[in-house]
Structures are given as C-alpha cells and as structure tokens.
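First comes the structure, then the notes that go with it.
Throughout, protein chains are lettered first and strands after them, A, B, ... in sequence-line order, and every chain is numbered starting at 1.
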Protein chains: 2
Amino acid sequence: MLMRTTIEQDGSRAGRAARASSLRSVAGVIAMTGAPMNFARNCEIYGEGEPADYLYQVISGTVRTSKILADGRRQIGSFYLTGDVFGLEVDDEHTFSAEAITDSRVLVIKRSALVSLAARDSDVARQLWTLTGRELARVQDHILLLVKTAQERVVDFLLEMADRAPSGDTVELPMPRQDIADYLGLTIETVSRTLTMLENDGAIALPTSRRVTLRKRAALGRLNA
Amino acid sequence: MLMRTTIEQDGSRAGRAARASSLRSVAGVIAMTGAPMNFARNCEIYGEGEPADYLYQVISGTVRTSKILADGRRQIGSFYLTGDVFGLEVDDEHTFSAEAITDSRVLVIKRSALVSLAARDSDVARQLWTLTGRELARVQDHILLLVKTAQERVVDFLLEMADRAPSGDTVELPMPRQDIADYLGLTIETVSRTLTMLENDGAIALPTSRRVTLRKRAALGRLNA
DNA sequence: CGACCATTTGATATGGATCAAGCGATGTGG
DNA sequence: CCACATCGCTTGATCCATATCAAATGGTCG
C-alpha cells in the first residue's frame, strides 16, 4: 500500500536560508547538513520500531505519525506542517511510524551527528531538549483533547490547525477525514456530522470538504476553552 | 482545601545512597544538592502556571499531576512513585499542578542550578533530555490508553502500576478511585464496576479496595495488548 | 455508637459507534 | 464525450458502552 520514495540531493542554499529565517528557534539544529528527500502521498517515512537514525524537518507538505493498536485501530500521534521537526527520539527506536499525507519534501538529518555534537556544544544540546519538550507539550494537549466531547475535539482541532497554518480564518485541511478521526479518537462519521452541525450553527463554513472558514473564532474558543 | 506543608532539612546520607543505587539512570542529576521536603496528603506541591523553579524527586509516597479543565473536570497527567522525577519543565512554567496523594517526602532540586550545569556538563544535559524523553514516552502511552474501552483502560492501569511498584502480583493502590477515574478519563462508577467485573471473572482479586491481586497477568495482558 | 468519607451497586439516559445507504467529485476506458 | 467505476464524504437508523442520577454499603475515626 505504501509507495516508493524518491531521493534528491539538491539542498539549495536559497531554500536553506529561507527556512532558517522562518524557524529561528530550531535554527541551530537544522544548520546541520541534511539531505532533502521527496515522499509521495501515503509514503512511509519510517516505521514504528525502526532504529531512529534520523530526524526530519518538513520543508513542504504534511506528515502524520501513527501507531496501529492490537485490535487494528489506528491512533494518529501528530500532524507536522511546514517547518515542524518530527522523528526525534531520545531512545533509539521510533515509537510511531510516519507517513506523508500529501506529496512532501523533508529534510533528513542524521541523529548521531546531532547527538555527538550536543556532547560538545551545549547550544545544540539545549535545542534537542527544547524540541523534545515541545513535543511533550503537544502530546499533553492531545491528552486534554481526548477527554472532551466530540464537538469540543473537532473545534479544538480546527483552532489548532488555524493557529499553525496562519492564513486568516480559512484553514486548508491537508488530511482526509479518516486521519482527523484517528487523531481525535472519533469515527469518521462523527467528525463529518460534527462539522455539518457546526456549519448549520453558523460557526464555520465549508466551501469544500477540505477547506474550513472559522466564522466566530472567539465564540468557538469560548465554546470550548 | 489544600493543606499546609512542613519542611525538613534532614537529607540523610543513608537515604541518598539507597536511592542512588535504585535509580542509576538519574543518578547524575539527583547527585545535586536538594532539600527533602514533606508534604501531607492532598497538599499542593506546585500549581499550574507557576514558575517552574524547581523539579522534584519522590523519596517516598505518591504524587499526582493534574489540570482542571474549563468545565471543571479534572485530568490527571501522571502518578509518580518512589524514585520518579516530576515537575521538570523545558519552559519555565509548570503546565500541570502537583499534589501529594499520600503523605510524601520529596527531594526538591533547583532547576536553574541544573540548567546552568547542563550548559557546562554534557552528561547533565543528556540527563535532562532523557528525563523529558521519558516523560514524553509516558504521555504517549497515556494517549493510547485514552482511546481504549473502559475495561482495557483499567487493566492497562493495573498492569502499569504492577510494573512500576514491583511486589509480586499484588498491587497497592495509593490513590482513591476518583484519581484513577480522572487518569483514565472515566467516571468513578465505571472504574468501580469494571474492577468488580474483573474480580467476578477471576482476573483479579480485591482483598481491600486499595489492594489488587492480578490473578492471570498473561491473560490480562493478552486481553488488552 | 454515630458521622463521615470512599466505594459499590442499581436504574436510566445519552453521545457516539456501528451498520447501511446515498451523493458528489475525479478519473478511466469504451 | 459519455457511461461507469472509484473514492472520499455525508446522511440516516439503530445499538450499546459509558455517563448520570440515586441509593445502599462499608470502613475509619472521634
């Protein structure tokens, strides 16, 4: 089911500079040489349990991390948008697998290089720690999501996406409903119904199924808190 | 509702040595001087949003971290048993609050001391990173818990506690049902009923409400995976 | 003994899952 | 260029796990 990947060895200077400027806080880390790679939609980037020899930064596209439970259900850990770093592990195994949601371009960075550099350069060490801490914060928020009602989960998700890909009040959802459902711990039907409901309530507009306009963000936020 | 705390300045050598031996992996970190403090049952150790000037290690007793949601519900982040480190933040604010579940003795360590030491000593930096990574792994497991059925959650919880406080197949639960419920995202009634059901099925025994004997761990594990 | 708190048990309600069908875009072969 | 298969999404009907509301039980401490 997963497709083959293509590798490119470009790594243009211009691209690097642009990235660095928009991502100050991880600048130190990504200053490392890394190879840009392209992954087609639904390509696996790494699998659960594989050695975590690399970490990754999204140059363009969207990536999800996921885990298949014993009963076959799938839980999505996170979505990663342009600029986000993923796949960084403290242990040396990936605890989730990662797939490209859309055709994506990803910077691949050797973990061992960073880890050994961190042993000498405390700034790098600090960066690694910060990145893991950021991931921790993300996952903690995710836990809070999972104990809420369906409507709260969906609204939180939309607000999160809106915050992360800032383009006014219209959010482009790169992922299918099934991914959203598996992220929120709901079924695809419940996600769909909830969106319809929010639309009927005038809280959002759905020009297309993948584009959502937040009509009253303040109200939405309050609705949930 | 929260009680006052008492402070002690003891810090016996014998105690330290015993701890260090049972906690190799964080030995580097806790080698730092820290003040042991006592907290009575239900005492707040720190509050959500407070500056994270200290981190903590449980010497004896049990601690929970929690967060109150907008609608008044409470989510428990984790339970910390003897030897566990908690309250370590990458940012400088506590994202959860922490309370002693039972009368507890806790080693209090100044964060700034560690952070500045980490800037010079890469082993310490590594320790900080590892501790945060361990927390991350714990929270990720927690997410997987929250999408399971009530029975699976309860069984997972019992197995987790049994692994962490190894004393054969009998687990002593230091926390009340309400804490378990708020950890598992269930109601107290559902937790209670589920335990009763497991007992009727012969999967566990409940000599007292706070003591659980796992009758068939292998089966329990398989039951859930 | 009696008050209080934690826990269990019982009866009922409900949010979201499940099962099933319809719908709208997109693409493909005749 | 149209018929038709496919895929992602929505909508509908029903069911069930867990929440909610309510009361009983049991253990602890003054």
What is the nucleic acid contact for [X], judged by heavy atoms within less than 4.0 Å: base, sugar-phosphate only, or nothing?
{"X": "T187(A)", "value": "base"}
{"X": "L186(A)", "value": "sugar-phosphate"}
{"X": "T208(B)", "value": "nothing"}
{"X": "S192(A)", "value": "base"}

Kindly point out which of [options] is positioned nearest to the side chain of [X]?
{"X": "R177(A)", "options": "dC9(D), dT8(C), dT20(D)", "value": "dC9(D)"}
{"X": "P176(B)", "options": "dA19(D), dT8(C), dT7(C)", "value": "dT7(C)"}
{"X": "I188(B)", "options": "dG8(D), dT18(C), dT7(C)", "value": "dT7(C)"}
{"X": "T190(B)", "options": "dA19(D), dC19(C), dA22(D)", "value": "dA19(D)"}

What is the distance, to the nearest angstrom, from the [atom1] atom on [X] to the [atom2] atom on [N]?
{"X": "M197(B)", "N": "dT18(D)", "atom1": "CE", "atom2": "C1'", "answer": "13 Å"}
{"X": "L206(B)", "N": "dG26(D)", "atom1": "CG", "atom2": "P", "answer": "15 Å"}
{"X": "L173(B)", "N": "dT8(C)", "atom1": "CG", "atom2": "P", "answer": "10 Å"}
{"X": "R73(A)", "N": "dT18(C)", "atom1": "CZ", "atom2": "C1'", "answer": "14 Å"}
{"X": "N200(B)", "N": "dT9(C)", "atom1": "CG", "atom2": "C1'", "answer": "12 Å"}
{"X": "Q151(B)", "N": "dT18(D)", "atom1": "CD", "atom2": "P", "answer": "9 Å"}
{"X": "D71(B)", "N": "dA19(D)", "atom1": "CG", "atom2": "P", "answer": "14 Å"}
{"X": "K148(B)", "N": "dT18(D)", "atom1": "NZ", "atom2": "C1'", "answer": "18 Å"}

Decide side chain to side chain donor-acceptor pair (under 3.5 Å) for S78(A) and T65(A); before the verdict, give the C-alpha distance in whole Å, the side-chain angles of both, and the deciding distance to 0.1 Å.
-> CA-CA 6 Å; S78(A) 286; T65(A) 51; 4.8 Å; no

Are any non-hydrogen side-chain atoms of Y56(A) and I109(A) less than 4.5 angstrom apart?
-> no

Residue pair N38(A) / D103(A), side-chain heavy-atom distance below 4.5 Å =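 Counting from C-beta outward, N38(A) and D103(A) never come under 4.5 Å.
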
Between F79(B) and Y183(B), how do the two ring planes meet: parallel, tilted or perpendicular, split at 30° and 60°?
->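 If you compare the ring of F79(B) with that of Y183(B), the planes turn out tilted.
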
Salt bridge or not for [X] and [Y], using N-O below 4.0 Å?
{"X": "D179(B)", "Y": "R74(B)", "value": "yes"}
{"X": "D53(B)", "Y": "K110(B)", "value": "no"}
{"X": "D163(A)", "Y": "R217(A)", "value": "yes"}
{"X": "R164(A)", "Y": "D84(A)", "value": "yes"}

Any R210(B) side-chain N or O less than 4.0 Å from OP1/OP2 of dG27(D) = no

Below 4.0 angstrom from OP1 or OP2 of dT18(D), is there any side-chain N or O of R153(B)?
-> no

Hey, which of these two, E189(B) or A150(A), hits DNA chain C nearer its 5' end, going by closest nucleotide?
-> E189(B)

Would you say the side chain of R193(A) and the base of dT18(C) hold a donor-acceptor pair, judged only by whether the two atoms sit under 3.5 Å apart?
->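 Looking at the base of dT18(C), it does pair with a donor or acceptor on the side chain of R193(A) (distance under 3.5 Å).
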
Atom pairs under 3.5 Å: protein N/O with N/O of nucleotides 22-26 of chain C:
none

